[in-house]
Number of protein chains: 2
Amino acid sequence: MPRNDKKMKNSQLYKGSLNTIIMKLLEENGKMYGYEITQKVKTITQGELNITEGALYPALHKLEAEGLLDVEIEKVDNRMRKYYKLTETGQKETVNRLSELEDFIRNMQSLVNPKPSLEF
Amino acid sequence: MPRNDKKMKNSQLYKGSLNTIIMKLLEENGKMYGYEITQKVKTITQGELNITEGALYPALHKLEAEGLLDVEIEKVDNRMRKYYKLTETGQKETVNRLSELEDFIRNMQSLVNPKPSLEF
DNA sequence: TATTATGTATAAGAATCTTATGTATATTTG
DNA sequence: CAAATATACATAAGATTCTTATACATAATA
């Protein structure tokens, strides 16, 4: 059974951003399951970012182990789903992560798009 | 001889962005040496991003090995400097990397700051 | 004279991700 | 209806990138 995923590989730039993405999506949507997260990200980025299972599931397990996520298992259509949601700690930490992301983006833009000192 | 660098550690988000930063700075400044790059980045980001030597020098060596950078050794004040500059290939690749960075930032903003469908 | 600044370098280990699998059920397509 | 695709989870091996800790050396400062 071949996996015909056309694995166009993500830019190295995404390395390190997965946890923040997961936490933000959970903050926004209350609870989500793994597969749903991959699809949501694909949709939002118009196919530009594809989260692989090999990255996603270990990340979810780690966030759970760190006490940032809670899990709740459901069975839908005879298929298992593991719904994740932010714990209270997770909610607080999400604020920090999003703040870090803003700083990061701002810094990257400063580096790449340096403002001319003055113009006229 | 202790290094008293107050190593406040960088956010994981920066992981994967170092090559792009180096190439952009070289595109902008023509040629730079390693230490100069660390200082420039520190200045531009107002101390928020500190590139460590352990990350920088291997990255420079790799970019050189990939044919994206050329190196030229100078001796200033009896101290060695290795000036790096983009090769022609490196210049072309820099355009791609910057384009990737723009896409990355755009995608992260879409994920984190989803637009309301319509507002009024 | 001891520390800090300048300057390069590498090695060990951590963290994150890709790639390749494995298992299982439901749905769609040829 | 059989095969492929979609849905849904999981892990292991290896690659890549980075942190941390060193190492060496000279110049400037406290």
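Every chain is numbered from 1 and lettered A, B, ... according to where its sequence line falls, protein lines coming before strand lines.
- OP1 and OP2 of C:dG7 both lie 4.0 Å or more from every side-chain N or O belonging to B:Lys75.
- Distances shorter than 4.0 Å separate some side-chain N or O of B:Arg79 from OP1 or OP2 on C:dG7.
- Counting to the nearest Å, the C1' atom of D:dT16 and the NZ atom of B:Lys15 are 9 Å from each other.
- In summary, A:Arg106 and A:Glu102 do not engage in a salt bridge, as defined by a charged side-chain N under 4.0 Å from a carboxylate O.
- To the nearest angstrom, P of C:dC17 lies 10 Å from CG of B:Leu13.
- The pair B:Glu28-B:Lys40 fails the salt-bridge criterion, with no side-chain N (NZ, NE, NH1 or NH2) lying under 4.0 Å from an Asp/Glu carboxylate O.
- Going from atom CE of B:Met80 over to atom P of C:dT6 covers 17 Å, rounded to whole Å.
- Put simply, CG on A:Asp77 is 12 Å from P on D:dT7, counting in whole angstrom units.
- Remark: A:Lys9 is not in phosphate contact with C:dC17, judged by side-chain N or O atoms under 4.0 Å from OP1 or OP2.
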- Message: Let's go through A:Leu49 and A:Ile21 carefully: what are the C-alpha distance in whole Å and the side-chain angles of both, what is the deciding distance for side chain to side chain contact (heavy atoms under 4.5 Å, CB included) to 0.1 Å, and is it a yes or a no?
- Response: CA-CA 11 Å; A:Leu49 176 54; A:Ile21 292 173; 3.8 Å; yes
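- At a threshold of 4.0 angstrom between heavy atoms, the contacts of A:Arg81 are confined to the sugar-phosphate backbone, with no base atom among them.
- Contact check, A:Asn78 against C:dA24: no side-chain N or O comes under 4.0 Å of OP1 or OP2.
- Out of C:dG7, D:dC9, D:dC18, the shortest distance to the side chain of B:Tyr35 is found at C:dG7.
- For B:Glu72 and C:dT8, the CD to P distance is 13 Å, given to the nearest whole Å.
- Here A:Gln12 reaches the OP1 or OP2 of D:dT17: one of its side-chain N or O atoms lies under 4.0 Å away.
- Rounding to whole angstrom units, CD of residue A:Glu74 and P of D:dT7 are separated by 18 Å.
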- Task: Output, in order, the C-alpha distance, side-chain angles, deciding distance and verdict of side chain to side chain contact (heavy atoms under 4.5 Å, CB included) for B:Leu68 and B:Met23.
- Result: CA-CA 9 Å; B:Leu68 301 176; B:Met23 291 168 75; 4.2 Å; yes
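- Contacts between residues 54-61 of chain A and DNA chain C, defined by a heavy-atom separation under 4.0 Å, are made by A:Gly54, A:Ala55.
- Straight-line distance from the OH atom of A:Tyr14 to the C1' atom of D:dT16: 18 Å, rounded to whole Å.
- Heavy atoms of A:Ser17 sit under 4.0 angstrom from primed sugar atoms or phosphate atoms, though from no base atom.
- Contact annotation: A:Thr52 side-chain N/O to C:dC17 OP1/OP2 distance is not under 4.0 Å.
- Under a 4.0 Å N-O distance rule, the pair A:Arg97/A:Glu93 qualifies as a salt bridge.
- Between A:Asn10 and C:dC17 there is no side-chain polar atom (N or O) within less than 4.0 angstrom of OP1 or OP2.
- As rounded to whole Å, 12 Å separates atom C1' of C:dG7 from atom CD1 of B:Ile73.
- The shortest side-chain heavy-atom distance between A:Glu66 and A:Thr89 does not fall under the 4.5 Å cut-off.
- Between the side chain of A:Asn50 and the main chain of A:Gly47, a donor-acceptor pair closer than 3.5 Å is present.
- The phosphate of C:dT8 (OP1 or OP2) has no side-chain N or O of B:Tyr33 nearer than 4.0 angstrom.
- A centroid separation of 6.0 Å or more is found between the aromatic rings of A:Tyr33 and A:Tyr84.
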